[in-house]
Amino acid sequence: MHIVVCIKQVPDSAQIRVHPVTNTIMRQGVPTIINPYDLFALEAALALRDQHGGEVTVLTMGPPSAEDSLRKALTFGADRAVLLTDRFFAGSDTLATTYALATAVRKIGETFGAPDIVFTGKQTIDGDTAQVGPGIAKRLGLLQLTYVAKIANVDLEGRSIQVERRSEGGVQVLQTRLPCLITMLEATNEIRRGAMADALRAARAEVVIWSAKDAGVEDISKCGLRGSPTIVKRVFAPSARAEKATMVDFSETAPADALIAEIFKRQPKLEDDLATLARGY
């Protein structure tokens, strides 16, 4: 089994700065981390590799410094790391990003073997669009399973996979054929601690570095700012709420009763509505 995991190096959300002219994230001087959602996708991939055998290839697109995140992924146990980096990719929106990453996934398939599953996190903490995973699937013609909470079963001989997908109405149990793309939800597994052997291997490992040409990108106009139709019109911080928090006294009343009394005090109509509803039953 060959699994590709797309990760992203993102700025620490507590220290994000935005360029005043281009409205793009300024990454210089800001600490970076692996997108937290992608770690759950990586753990799911590693667990499947441990169960069925095979290899896990980690892919990211970004500046040369993104190699640090790839080496971090190697310490968790990934077998191979590929960095897609080129000045042509700067300023890419989700459309341009999916074009570059899909091209790189094809190149990985040609070089290291066709992937059975492509994993991504459900979204990134810097963009929050949740568009990249489905966009890659569309470009590669892969079946996609989004917001997956659990990999229930993988049948390599029958070329099928069964997952549990979280939705507004509950949990959906879905089955589809391989290959496919999966976007993993947060808190769906416990991320392992890397073994010492993996840490030593990651320090010595050779990260595969591809430019746009190396990855087989044929149309540079579809990359970077030139290939990004999305325009950020304005970036702003939400204004602080004028209403201040209220202290509720629990000294003479049980906490739950005190909170309910405070809610009814603030919203007297709610108590009448509940009483009407109770009479109806």
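A quick note: this is a predicted structure, and the numbers were derived from the prediction, not measured.
A distance of 11.5 Å separates CD of E55 from CG of D116, quoted to the nearest 0.5 Å. Residue L156 holds its CG atom at 9.0 Å from CD of Q51, rounded to the nearest 0.5 Å. The CD1 atom of I34 sits 9.0 Å away from atom CD1 of I191, with the distance rounded to the nearest 0.5 Å. Rounded to the nearest 0.5 Å, atoms CD (E164) and CG (L145) are 12.5 Å apart. For the atom pair CD1 (I117) and CD1 (I3), the distance works out to 5.0 Å, reported to the nearest 0.5 Å. Taken to the nearest 0.5 Å, the CG atom of D126 stands 10.5 Å off from the CD atom of Q9.
Following chains of ILVMFWY side-chain contacts shorter than 4.5 Å, one cannot reach L84 starting from L70, and the two form parts of different hydrophobic clusters. Note on F119: it clusters hydrophobically with L83, by side-chain heavy-atom contacts below 4.5 Å among ILVMFWY residues. Tracing side-chain contacts under 4.5 Å through hydrophobic residues (I, L, V, M, F, W, Y), one reaches M184 starting from V56; they form part of the same cluster. Linking Ile, Leu, Val, Met, Phe, Trp and Tyr residues whenever their side-chain heavy atoms come within less than 4.5 Å places V118 and L101 in a single cluster. Cluster membership check: F76 shares its hydrophobic cluster with V207, using side-chain heavy-atom separations under 4.5 Å among Ile, Leu, Val, Met, Phe, Trp and Tyr.
Partners of D86 according to the side-chain contact (heavy atoms from CB on, under 4.5 Å) rule, which considers only residues two or more places apart in sequence or in another chain, are F88, F89, S211, A212. Under the salt bridge (charged side-chain N to carboxylate O under 4.0 Å, His left out) criterion, D93 pairs with no residue, sequence neighbours left out. Applying the side-chain hydrogen bond (donor to acceptor under 3.5 Å, both in side chains) test to S167 and every residue at least two apart in sequence or in another chain returns nothing. Residues passing the side-chain hydrogen bond (donor to acceptor under 3.5 Å, both in side chains) test with E43 are R192, sequence neighbours excluded. When the side-chain hydrogen bond (donor to acceptor under 3.5 Å, both in side chains) test is applied to N189, no partner is found at least two apart in sequence or on another chain. Scored by the salt bridge (charged side-chain N to carboxylate O under 4.0 Å, His left out) test, R266 finds E243, E262 as partners (sequence neighbours excluded).
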Ignoring hydrogens and angles, write down the donor-acceptor pairs under 3.5 Å from the side chains of residues 58-67, residues two or more places apart or on other chains.
unit_1	atom_1	unit_2	atom_2	d
T60	OG1	I7	O	2.9
E67	OE2	R71	NE	3.1
E67	OE2	R71	NH2	2.9

Only distances under 3.5 Å count here; give the side-chain donor-acceptor pairs of residues 107-114 to other protein atoms, sequence neighbours excluded, each with its distance to 0.1 Å.
unit_1	atom_1	unit_2	atom_2	d
T111	OG1	K107	O	2.8

Without placing hydrogens or testing angles, list every side-chain donor-acceptor pair under 3.5 Å for residues 35-42, not counting sequence neighbours.
unit_1	atom_1	unit_2	atom_2	d
N35	OD1	I125	N	3.0
N35	ND2	D38	OD1	3.0
N35	ND2	D38	OD2	3.3
N35	ND2	Q123	O	2.8
D38	OD1	G121	N	3.1
D38	OD2	K8	N	2.9

What pairs of donor and acceptor atoms, side-chain ones from residues 133-144 against any protein atom, are under 3.5 angstrom apart with sequence neighbours left out?
unit_1	atom_1	unit_2	atom_2	d
R139	NE	T98	OG1	2.9
R139	NH2	L95	O	3.1

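In this structure, K122 places its NZ atom where more than 12 heavy-atom neighbours from other residues, nucleotides or ligands lie under 6.0 Å away. In the displayed structure, R201 atom CZ is contacted under 6.0 Å by more than 12 heavy atoms of other residues, nucleotides or ligands.
Closest non-hydrogen pair, A202 versus L74, comes out as CB-CB, 3.5 Å. In this structure, V105 and P115 approach most closely via the heavy-atom pair CG1-CG, 4.2 Å.
With a 4.5 Å cut-off between side-chain heavy atoms of Ile, Leu, Val, Met, Phe, Trp and Tyr, the cluster of F250 takes in V248, L259.
The stretch residues 171-180 participates, sequence neighbours left out, in these side-chain hydrogen bond (donor to acceptor under 3.5 Å, both in side chains) pairs: Q162-Q175, R165-Q172.
Checked by atom type and distance alone, the side chain of R49 never pairs as donor or acceptor with a backbone atom of M1 at under 3.5 Å. Of the possible donor and acceptor atoms, one in the side chain of T183 sits under 3.5 Å from a partner among the backbone N and O of Y147. Checked by atom type and distance alone, the side chain of Y99 never pairs as donor or acceptor with a backbone atom of G227 at under 3.5 Å.
At a threshold of 4.0 Å, the pair D272-K269 does not count as salt-bridged, since none of the basic side-chain nitrogens sits closer than that to a carboxylate oxygen.
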